Amino acid sequence: IRHYNALLDALGKANRLDDAESLFCEFEKYGLAHDVASHSIMISANGKSGRIEDAERCFRRMKKENVKPNAFTYSALIEAFGRAGKLQKAEETFRSMIEDGVAPNVVAYNALIKVYVKRGKNDKAFKLSEEMIKNGKVPDVITYGTLIDACAKARDVEKAFKVFNDLKKNQIKPNRVCYASLIDACAKGKQPERGFEVLELMKSSKTPPDIFAYNALIDACGRAKMVHRAFQVYDEILIAGLIPDRVTFNALISACGRAREVEKAFEALDIMINKYGHEADRHTYNSLIDACGKSEKMLKAFEIYNRMIKNNVK
RNA sequence: UAAUAUUUC
């Protein structure tokens with residue numbers, strides 16, 4: 001059964017939902033009964049593909065087959081509802097989890113916290129993190145990472161650092177995600193210098209910055225219209241032996257746009273395409289058009305727009 | 001065997 005579940009999961013992760021569904025239905029033929037993992041995999045796979053109704057259907061099917069959902073199942077369902085923007089259903093799922101006698105674990109809490117953050121309900125996110133402690137669950141690095149991200153989205157730099165300090169107070173070692181989120185908070189809060197400090201902190205904490213951290217820092221420079229420094233960070237990426245990705249260039253182009261440096265934006269575009277082989281995506285086009293607009297190069301903006309349509313970028 | 005967080009906003 002484990003091998004079949006693993007196969008189901010692989011199909012789901014390869015976005016081959018129909019194949020996964022077929023295999024799921026053939027279990028009986030092989031003399032296998034679906035277990036809780038089989039069902040959870042199907043819920044998760046459908047949820048991740050944005051097929052929330054199918055995910056719900058899988059959950060009902062599970063009940064019909066008298067297989068008891070566990071924490072994995074509920075977490076997957078909460079995540080699925082969150083992805084679909086259905087906050088109430090996510091909350092409802094969390095409650096029914098408790099009613100069904102399945103104690104929410106850290107992952108279930110984290111999943112719902114994330115839904116709150118996604119919906120901009122930071123108060124509820126923090127409240128739930130406190131509630132989890134009251135219920136004897138220990139927030140993990142993901143809990144803190146999610147909360148730091150919540151602060152970033154609210155542009156609350158001070159609170160982001162406060163959460164980061166809480167994390168350390170609780171003897172948790174911040175990982176790259178936490179650092180990148182913290183830099184993102186500095187970016188969104190327009191405090192690039194603190195972002196650079198966090199980058200240094202990463203280095204001194206034996207957590208070499210990854211591309212996420214660098215990209216967030218480029219964005220920090222961009223929002224402060226510090227184009228030159230943004231490109232310095234880009235150089236540092238290369239020195240660190242990392243490969244700049246499309247986000248790197250999009251952030252650079254966006255930075256140029258904010259500072260009305262259209263020429264530089266196109267230089268970055270050129271390097272992105274011709275040196276790294278990254279195709280322009282909708283963010284790239286957005287930033288380019290924005291850059292042209294800000295510099296009153298409307299003709300150029302229309303040209304880019306047409307190129308975007310031609311290349312079928314949605 | 002399955003569930004949760006970060007960058008281009």
Side-chain angles (χ1 to χ4, degrees), chain A residues 1-10 12-13 20 32 34-45 47-48 55 69-80 82-83 90 93 97 104-115 117-118 125 129 139-153 155 160 163 167 174-188 195 209-220 222-223 230 233 244-255 257-258 268 272 278 280-288 290:
Chain A
I1 177 87
R2 296 205 167 197
H3 300 287
Y4 282 89
N5 283 343
L7 188 52
L8 262 190
D9 187 46
K13 294 201 160 87
L32 293 167
H34 302 133
D35 67 1
V36 56
S38 326
H39 286 284
S40 301
I41 289 165
M42 293 306 291
I43 292 167
S44 172
K48 289 203 165 60
N70 62 14
F72 281 78
T73 320
Y74 285 106
S75 302
L77 198 55
I78 290 167
E79 198 269 343
R83 188 181 291 271
T93 303
M97 174 176 194
N105 59 11
V106 184
V107 176
Y109 277 106
N110 289 348
L112 187 57
I113 288 171
K114 159 72 195 213
V115 178
V117 174
K118 190 183 170 197
S129 73
D140 62 9
V141 70
I142 294 185
T143 316
Y144 288 107
T146 308
L147 293 175
I148 292 171
D149 177 47
C151 299
K153 291 188 162 58
R155 294 165 162 48
V163 174
L167 172 157
N175 61 15
R176 288 181 177 80
V177 175
C178 294
Y179 284 110
S181 300
L182 195 55
I183 294 173
D184 181 39
C186 299
K188 298 210 160 66
D210 60 3
I211 196 70
F212 283 83
Y214 282 114
N215 289 347
L217 193 54
I218 288 176
D219 186 46
R223 285 171 191 268
V233 175
D245 61 13
R246 191 151 55 183
V247 176
T248 310
F249 290 103
N250 286 344
L252 282 171
I253 292 168
S254 164
R258 287 190 226 257
M272 171 174 108
H278 300 308
D281 65 5
R282 70 193 148 93
H283 296 287
T284 318
Y285 284 109
N286 254 326
S287 298
L288 284 172
D290 199 45

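Model, not experiment: these values are computed from the prediction. Lettering follows sequence order; numbering is per chain, from 1.
- Counting any heavy atom pair closer than 4.0 Å across all strands shown, A/A216 reaches sugar-phosphate atoms only and no base atom.
- Side-chain contact between A/V106 and A/P139 is absent, with no heavy atoms from C-beta onward closer than 4.5 Å.
- Here the options are A/I142, A/D149, A/T143, the test is side-chain contact (heavy atoms from CB on, under 4.5 Å), and the partner is A/T146; only A/I142 passes.
- In the interface, the side chain of A/S75 is paired with the base of B/A3 through a donor and an acceptor atom under 3.5 Å apart.
- Atom-to-atom distance recorded for A/F212:CZ and A/I183:CD1 is 12.5 Å, nearest 0.5 angstrom.
- No hydrogens or angles were tested; on distance alone, nothing pairs the side chain of A/D35 with the base of B/A2 as donor and acceptor under 3.5 Å.
- Distance A/E79 CD to B/A3 P: 10 Å, rounded to the nearest Å.
- A/V117 comes within 4.0 angstrom of nothing in the nucleic acid, heavy atoms only.
- Ring geometry, A/H278 versus A/F249: the interplanar angle falls from 30° to 60°, so the pair is classed tilted.
- Closest approach to the A/I41 side chain among B/U1, B/U8, B/U4 is made by B/U1 (side chain taken as heavy atoms from C-beta onward).
- Applying the 4.0 Å criterion to OP1 and OP2 of B/A2, one finds that A/K48 has every side-chain N and O outside that range.
- A/K153 comes within contact range of the sugar-phosphate backbone alone, with a heavy-atom separation under 4.0 Å but no base atom that close.
- Counting non-hydrogen atoms under 4.0 angstrom, A/A213 reaches nothing in the nucleic acid.
- Heavy atoms of A/N175 sit under 4.0 angstrom from at least one base atom.
- A/N105 comes within contact range of at least one nucleobase, with a heavy-atom separation under 4.0 Å.
- Across all strands, A/S40 comes closer than 4.0 Å to base atoms (heavy-atom distances).
- Residue A/R223 is classed as a sugar-phosphate contact, given heavy-atom separations below 4.0 Å to backbone atoms only.
- A/D184 has no carboxylate O lying under 4.0 Å from a charged side-chain N of A/R155, or vice versa, which leaves the two without a salt bridge.
- At the heavy-atom level, A/R258 lies under 4.0 Å from the strands shown only through sugar-phosphate atoms.
- For B/A2, its base sits under 3.5 Å from the side chain of A/N70 at one donor and acceptor pair at least.
- Residue-level contact check: A/A180 touches the bases, meaning some heavy atom is under 4.0 Å from a base atom.
- Atom CZ in A/R83 sits about 8 Å away from atom P in B/U4, given to the nearest Å.
- Contact check, A/K13 against B/A3: a side-chain N or O comes under 4.0 Å of OP1 or OP2.
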